[in-house]
Amino acid sequence: MAKRDYYEVLGVSKDATEEEIKSAFRKKAKEFHPDINKSPDAPEKFKEAQEAYACLSDKENRAKYDQFGHAAFDNPYGGASGGYQGNPFENFDFGDIFDDLFGGGFSSFGSAFRGNTRNSSRARKGADTLYGMKIDFLEAVYGTKKDIDLEYYETCEDCDGHGGHGESVCSDCGGKGTVIKQTSTILGTIQTRTTCSTCKGTGKTYKTRCNTCKGNGKVKVSKTLTIDIPAGIDNGEQLRVSGKGEAGINGGPNGDLYIEIRVLPHELYRREGNDIYIDLPVSITDLCLGCKKVIKTMDGDVEIKIKEGSQPGEILRIKGKGIDNKDSWRKGDFYCVLNLVIPRSLSRKQKDILEELEDTDLEDEIEFKKFNKLNK
């Protein structure tokens with residue numbers, strides 16, 4: 001399939017400024033990044049935008065493209081491009097733009113879209129990590145503190161994460177982090193760019209290796225952290241602990257730790273948003289004659305009145321006695337669902353009373369009227 005015009009891909013005019021081209025690419029990158037856009041064609045559109053920006057952001061390549069179009073780079077053996085040049089965009093560095101867009105924190109936004117190694121010596125934030133934590137229902141309601149034991153890597157303080165002392169520019173790659181190898185073939189000389197094996201792509205070498213981190217730039221630490229669990233936190237919510245993720249690269253800051261909360265179910269209470277529900281066991285006499293019950297809500301004991309003639313399944317509301325979530329615009333309510341409990345054994349006297357109750361005429365009750373109307 002023929003390639004689309006690079007200006008059309010980014011949605012800019014042919015006289016667009018460098019800043020306009022960069023701004024257009026940022027929008028496209030954020031729109032079609034595969035970690036954000038899950039549509040099947042997103043990866044291809046993302047790659048297409050990358051290629052367009054890599055060409056148009058470079059003055060020399062843009063001039064060639066304006067004169068010859070895609071032929072400036074597609075002809076490997078001569079013609080408009082003036083000889084084989086390989087893929088002119090394969091080592092283009094997108095690091096600054098992606099770090100700006102995505103914060104550089106998540107590994108999924110990382111090296112796959114940074115170009116190869118041209119800018120691998122730049123300090124970058126470490127990846128974020130996830131930790132699962134279980135808490136009781138009431139701990140989630142009222143808030144609590146939890147200690148967690150963590151083992152993670154921090155940037156080595158002795159060498160600032162570089163892995164050595166006495167920094168100098170790598171003599172093999174001249175600080176670029178990559179080396180170009182030339183191979184002679186029957187078709188001519190082919191150039192390939194690879195990571196420098198001497199400096200591992202950093203562009204730097206050191207006189208002495210750091211003894212503290214053994215040249216890794218990171219040291220493993222074990223710490224106990226006290227985590228404040230706020231009142232009202234819900235199942236699946238996350239807490240962020242800054243700087244406790246993976247160690248940064250080349251002296252960059254640590255990533256962040258995200259604690260995902262799992263709230264264990266309660267034997268009586270259940271939660272819906274900031275509201276609390278409870279199945280309140282009642283007897284047939286409670287419903288028929290009415291009564292009062294003392295309920296333990298989230299704010300202490302409250303007395304409620306069950307009216308005479310109440311029905312099983314009716315819900316009584318106690319306003320403002322649910323969960324007090326500081327991130328919500330209102331405090332929750334407390335709901336009691338009347339749950340009729342039928343006795344499994346009765347005395348002879350109790351049975352006689354119920355048999356008398358059986359003679360009660362219920363034909364005028366609304367439930368019976370609806371049923372009888374339906375079955376006529």
Side-chain angles (χ1 to χ4, degrees), residues 1-34 42-102 104 109-124 169-170 173-183 188-196 199 201-204 250:
M1 185 174 68
K3 288 186 177 181
R4 288 202 298 156
D5 179 80
Y6 284 154
Y7 291 101
E8 179 185 342
V9 169
L10 296 181
V12 296
S13 63
K14 290 191 175 183
D15 59 353
T17 65
E18 291 182 12
E19 195 58 38
E20 288 173 336
I21 290 173
K22 183 176 183 179
S23 176
F25 172 64
R26 284 159 56 92
K27 292 179 182 178
K28 295 292 183 182
K30 200 163 188 178
E31 179 181 359
F32 294 115
H33 194 290
E44 190 59 35
K45 289 185 177 180
F46 181 75
K47 182 180 178 182
E48 184 182 45
Q50 279 186 291
E51 185 178 311
Y53 176 69
C55 173
L56 299 183
S57 63
D58 183 279
K59 289 183 180 180
E60 184 178 343
N61 285 333
R62 183 177 181 181
K64 289 180 182 179
Y65 180 74
D66 288 343
Q67 185 174 3
F68 300 108
H70 292 296
F73 313 108
D74 291 343
N75 183 354
Y77 307 121
S81 61
Y84 180 78
Q85 299 185 23
N87 180 356
F89 313 127
E90 65 180 352
N91 290 310
F92 189 86
D93 179 28
F94 294 92
D96 291 336
I97 291 182
F98 289 128
D99 277 355
D100 188 28
L101 287 175
F102 306 118
F109 293 132
S111 59
F113 302 109
R114 295 184 188 278
N116 286 351
T117 54
R118 181 184 298 180
N119 208 14
S120 59
S121 61
R122 178 167 46 86
R124 298 196 297 273
V169 175
C170 177
C173 66
K176 295 180 180 179
T178 58
V179 293
I180 297 176
K181 294 183 179 180
Q182 293 186 345
T183 304
T189 301
I190 297 178
Q191 294 182 340
T192 56
R193 186 185 298 271
T194 60
T195 300
C196 177
C199 66
T202 65
K204 301 174 183 178
N250 295 322

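Please read these numbers as outputs of a predicted model, since none were measured by experiment.
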Do [X] and [Y] touch side chain to side chain, with heavy atoms closer than 4.5 Å?
{"X": "Tyr53", "Y": "Lys22", "value": "yes"}
{"X": "Glu44", "Y": "Phe32", "value": "no"}
{"X": "Arg26", "Y": "Lys30", "value": "no"}

Where [X] and [Y] come nearest, the two heavy atoms and their spacing:
{"X": "Arg62", "Y": "Ile21", "result": "NH1-CD1, 3.3 Å"}
{"X": "Leu10", "Y": "Ala52", "result": "CG-CB, 4.0 Å"}
{"X": "Ala54", "Y": "Asn61", "result": "O-ND2, 4.4 Å"}

**Asked** Which of these, Lys45, Glu48, Lys3, sits in a side-chain contact (heavy atoms from CB on, under 4.5 Å) with Val9?
**Response** Glu48
**Message:** According to salt bridge (Lys or Arg N to Asp or Glu O under 4.0 Å), who are the partners of Lys28, at least two apart in sequence or on a separate chain?
**Reply:** none
**Request:** Could you list the residues that satisfy salt bridge (Lys or Arg N to Asp or Glu O under 4.0 Å) with Glu8, not counting sequence neighbours?
**Result:** Arg4
**Asked** With sequence neighbours excluded, what pairs up with Tyr65 under the side chain to side chain donor-acceptor pair (under 3.5 Å) test?
**Response** Asp5
Just to verify, what does [X] make a side chain to side chain contact (heavy atoms under 4.5 Å, CB included) with, not counting sequence neighbours?
{"X": "Glu20", "answer": "Ala16, Thr17"}
{"X": "Val179", "answer": "Cys173, Thr194, Cys196"}
{"X": "Ala63", "answer": "none"}

**Prompt:** How far apart are the C-alpha atoms of Glu51 and Lys47, what are their side-chain angles, what is the distance that settles it, and do they pass the salt bridge (Lys or Arg N to Asp or Glu O under 4.0 Å) test?
**Reply:** CA-CA 6 Å; Glu51 185 178 311; Lys47 182 180 178 182; over 6 Å; no
**Asked** With no hydrogens and no angle check, do the side chains of Asp66 and Tyr6 hold a donor and an acceptor under 3.5 Å apart?
**Response** no
**Item:** Heavy atoms of other groups near Glu31 CD, more than 12 under 6.0 Å
**Value:** yes
